Novice: 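Quick one: this structure, given as structure tokens, is what I'll be asking you about.
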Amino acid sequence: MQRWLGRCLLRLQQYERLLKWLLAHHEVAGPTEDWEVVRERNRERVAGQTLGALANDMFETFLVDKGFERDLLPAAKKPSDRVSMAFAVRMALEPDDLERTRAAVKEMVILRNDLVHHFIDRFELWTEEGCGAALRHLEASYEIIEARYADLKSCADHLRAAAREMAAFAQTDAFRDFMVDGIAPDGSFEWPNCGIVRVLREAWHALSQDGWAPLPAVVAWTEARYPEQTPAKYGCRTWPQVVKESRQFELRYREGEGGRVEWVRERG
């Protein structure tokens, strides 16, 4: 009976440990260089939580209804000077499946609390008959705990697989295009977030005079430092076309020694 009680409690601790790992890693967001800091903050957050609290968190952010949405990068908290990204793995279930899973986990939490706090009060452990009843209860409890642990391990395996795929994708040119230049795998992009606008903005800051900078100088500065940023990469033929279509800059003409010169400034 004592050995079976130990088996149950050890498996429960393994379940709790695995759940803490899952909740600390299944969501991470912010500047990519800060991700490990975010994970450590997540680990600290869940470290002292009870199994019941951990289970509640799991059903708020990991095991969710189909259609669940959660903004991990609100605009107000997203820095404009660093690349930010959100990574999240969830398991979306139909309402009936979700409720059955919730009930099963709740049953195990109750079982855990009973084993830890009330087991000695339920059985006459100083009699042969009481130990036999306790043993049968522990054997049945272990089956429940083992089933829940297998379910959670499957979830954790999915998370690890997703993380591996993400790590592999991070080594590709498509990932660089997406992260650095804001070009999605389908070729779409949003001008305010794309790489060529970012470097044009940087050049404008470096060369502006009274808020304006000559476009030829801006282009020369950009091409010297970021040769990979070309108008063609964003479906444009010329730099003035980039300036106009991005709608992130104002464009005006001034007379110069060689004729009219284009000047730009960032829109306020």
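Because the structure is a prediction, the values reported are computed rather than measured.
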Novice: Is any side-chain heavy atom of Lys244 closer than 4.5 Å to one of Phe249?
Specialist: no

Novice: Partners of Arg70 by side chain to side chain contact (heavy atoms under 4.5 Å, CB included), sequence neighbours excluded?
Specialist: Glu27, Thr61, Phe68, Leu72, Arg90

Novice: Hey, does Glu129 have a side-chain heavy atom less than 4.5 Å from the side chain of Glu124?
Specialist: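 Not in contact.
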
Novice: Decide yes or no on side-chain contact (heavy atoms from CB on, under 4.5 Å) for Met1 and Phe123, but give the supporting numbers first.
Specialist: CA-CA 11 Å; Met1 183 272 299; Phe123 302 96; over 6 Å; no

Novice: What class does the angle between the rings of Phe62 and His26 fall in, given that below 30° is parallel, 30 to 60° is tilted and above 60° is perpendicular?
Specialist: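 The arrangement is perpendicular - the two ring planes meet at more than 60°.
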
Novice: I need the minimum non-hydrogen distance between Cys155 and Met91, along with the two atoms involved.
Specialist: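 Answer, listing the atom of Cys155 first, then Met91: SG-SD, 3.2 Å.
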
Novice: More than 12 non-hydrogen atoms from neighbouring residues, nucleotides or ligands closer than 6.0 Å to CZ on Arg267, yes or no?
Specialist: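 Enclosed.
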
Novice: CD/Gln13 to CZ/Arg112 distance, rounded to the nearest 0.5 angstrom?
Specialist: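 Taking CD in Gln13 and CZ in Arg112, the distance rounds to 8.5 Å.
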
Novice: Give the intermediate values and the outcome of ring-ring contact (aromatic ring centres under 6.0 Å, His included) for residues Tyr253 and Trp263.
Specialist: CA-CA 6 Å; Tyr253 294 89; Trp263 289 65; over 10 Å; no

Novice: Are Glu223 and Trp239 close enough that some pair of their side-chain heavy atoms sits under 4.5 Å apart?
Specialist: yes

Novice: Would you call Asn42 and Leu23 a side-chain contact if the rule is heavy atoms closer than 4.5 Å?
Specialist: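 Result no, sub-4.5 Å side-chain heavy-atom pair not found.
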
Novice: For residues Pro231 and Val242, determine if any side-chain heavy atom of one lies less than 4.5 Å from a side-chain heavy atom of the other.
Specialist: yes

Novice: Take Thr238 and Gln241, measure what side-chain contact (heavy atoms from CB on, under 4.5 Å) needs, and give me the verdict at the end.
Specialist: CA-CA 5 Å; Thr238 65; Gln241 185 182 358; 3.4 Å; yes

Novice: Side-chain contact test, heavy atoms from C-beta onward, threshold under 4.5 Å: evaluate it for Gln248 versus Val243 and give yes or no.
Specialist: no

Novice: Please say whether more than 12 non-hydrogen atoms of neighbouring residues, nucleotides or ligands are located less than 6.0 Å from CD in Glu40.
Specialist: yes

Novice: With a 4.5 Å cut-off on side-chain heavy atoms, are Trp212 and Trp204 touching?
Specialist: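 Answer no - side chains too far apart.
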
Novice: Supply the atom-to-atom distance Ile196 CD1 to Ser246 OG, rounded to the nearest 0.5 angstrom.
Specialist: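 Answer for the CD1-OG pair, Ile196 versus Ser246, is 9.0 Å.
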
Novice: Spell out, yes or no, whether Leu251 and Val199 are grouped together once hydrophobic residues are joined by side-chain heavy atoms under 4.5 Å, including indirect joins.
Specialist: yes

Novice: Checking Asp186 now: which residues fulfil side chain to side chain donor-acceptor pair (under 3.5 Å) with it, not counting sequence neighbours?
Specialist: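 Expected list: Ser188.
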
Novice: Going by an N to O cut-off under 4.0 Å, is there a salt bridge joining Asp157 and Lys153?
Specialist: yes

Novice: Give the intermediate values and the outcome of side-chain contact (heavy atoms from CB on, under 4.5 Å) for residues Phe59 and Thr101.
Specialist: CA-CA 9 Å; Phe59 284 100; Thr101 305; 4.0 Å; yes

Novice: Please say yes or no: joined through hydrophobic side-chain contacts below 4.5 Å, possibly via intermediate residues, are Val28 and Met166 part of one cluster?
Specialist: yes

Novice: Return yes when atom CZ of Arg237 has more than 12 non-hydrogen atoms of other residues, nucleotides or ligands closer than 6.0 Å, and no otherwise.
Specialist: no

Novice: Kindly compute the distance separating CG (Leu5) from CG (Leu10), expressed to the nearest 0.5 Å.
Specialist: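 Leu5 atom CG to Leu10 atom CG measures 9.5 Å (nearest 0.5 Å).
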
Novice: Is any side-chain N of the basic residue among Arg41 and Glu44 closer than 4.0 Å to the acidic one's carboxylate O?
Specialist: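 So Arg41 does not pair with Glu44 through a salt bridge.
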
Novice: Within a 6.0 Å radius of atom CD on Glu128, are there more than 12 heavy atoms belonging to other residues, nucleotides or ligands?
Specialist: no

Novice: For Val105 versus Ala55, what's the shortest heavy-atom pair and its separation?
Specialist: CG1-CB, 3.8 Å

Novice: How far apart are the C-alpha atoms of His205 and Glu266, what are their side-chain angles, what is the distance that settles it, and do they pass the side-chain contact (heavy atoms from CB on, under 4.5 Å) test?
Specialist: CA-CA 9 Å; His205 277 291; Glu266 186 179 17; 3.8 Å; yes

Novice: Can you give me the closest heavy-atom contact between Ala203 and Trp221, atom names plus distance?
Specialist: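 Where Ala203 meets Trp221 most closely, the heavy atoms are CB-CE3, 3.3 Å.
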
Novice: Identify the heavy atoms of Leu19 and Leu152 that sit nearest to each other, and give their distance.
Specialist: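 Between these two residues, the closest heavy atoms are N-CD2, 3.6 Å.
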
Novice: If you measure only the distance, is there a donor-acceptor pair under 3.5 Å linking the side chains of Arg11 and Gln14?
Specialist: yes

Novice: Which value, rounded to the nearest 0.5 Å, describes the distance between Tyr142 atom OH and Leu115 atom CG?
Specialist: 13.0 Å

Novice: How long is the gap from CZ on Phe119 to CG on Asn113, to the nearest 0.5 Å?
Specialist: 15.0 Å

Novice: Is the backbone of Glu94 close enough, under 3.5 Å, to the side chain of Lys66 for a donor and an acceptor to pair up by distance?
Specialist: no

Novice: Can Arg160 be said to sit on top of Trp21's aromatic six-ring, NZ or CZ under 6.0 Å from centre and within 45° of the ring axis?
Specialist: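 Yes, Arg160 sits over the ring of Trp21.
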
Novice: Between Glu202 and Arg198, is the closest basic N to carboxylate O distance under 4.0 Å?
Specialist: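 No, this pair does not count.
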
Novice: Around Asp121, counting heavy atoms of other residues, nucleotides and ligands shown, do more than 12 lie under 6.0 Å from its CG?
Specialist: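 Yes, the 6.0 Å shell around CG holds more than 12 heavy atoms from other groups.
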
Novice: Quick one: CZ on Arg102 to CG on Asp97, what's the gap to the nearest 0.5 Å?
Specialist: 12.5 Å

Novice: If you count heavy atoms of other groups shown closer than 6.0 angstrom to CZ of Arg45, is the number above 12?
Specialist: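 Yes, the 6.0 Å shell around CZ holds more than 12 heavy atoms from other groups.
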
Novice: Under a 3.5 Å threshold, yes or no: a donor from one side chain and an acceptor from the other, between Glu245 and Tyr234?
Specialist: no

Novice: I need the minimum non-hydrogen distance between Phe169 and Pro185, along with the two atoms involved.
Specialist: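 In this case the closest contact between Phe169 and Pro185 is CZ-CG, 4.5 Å.
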
Novice: Do Gln229 and Asp181 have side-chain heavy atoms sitting under 4.5 Å apart?
Specialist: yes

Novice: Could you check whether atom CD of Glu190 has more than 12 heavy atoms from other residues, nucleotides or ligands sitting under 6.0 Å from it?
Specialist: no

Novice: Membership question, hydrophobic clusters at under 4.5 Å side-chain separation (ILVMFWY): are Val116 and Tyr149 in the same one?
Specialist: yes

Novice: Hydrophobic clusters here meaning ILVMFWY residues chained together by side-chain heavy-atom distances under 4.5 Å, can you tell me if Ile144 and Met58 are in one?
Specialist: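 Yes; tracing contacts between hydrophobic side chains, which count when under 4.5 Å, links both residues.
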
Novice: Which atoms form the tightest heavy-atom contact between Glu262 and Pro240, and what is the distance?
Specialist: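 Minimum heavy-atom contact is OE2-CG, 3.5 Å.
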
Novice: When hydrophobic residues are tied together by side-chain contacts of less than 4.5 Å, even through go-betweens, does Leu98 share a cluster with Val64?
Specialist: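 No, Leu98 does not connect to Val64 through the hydrophobic network.
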
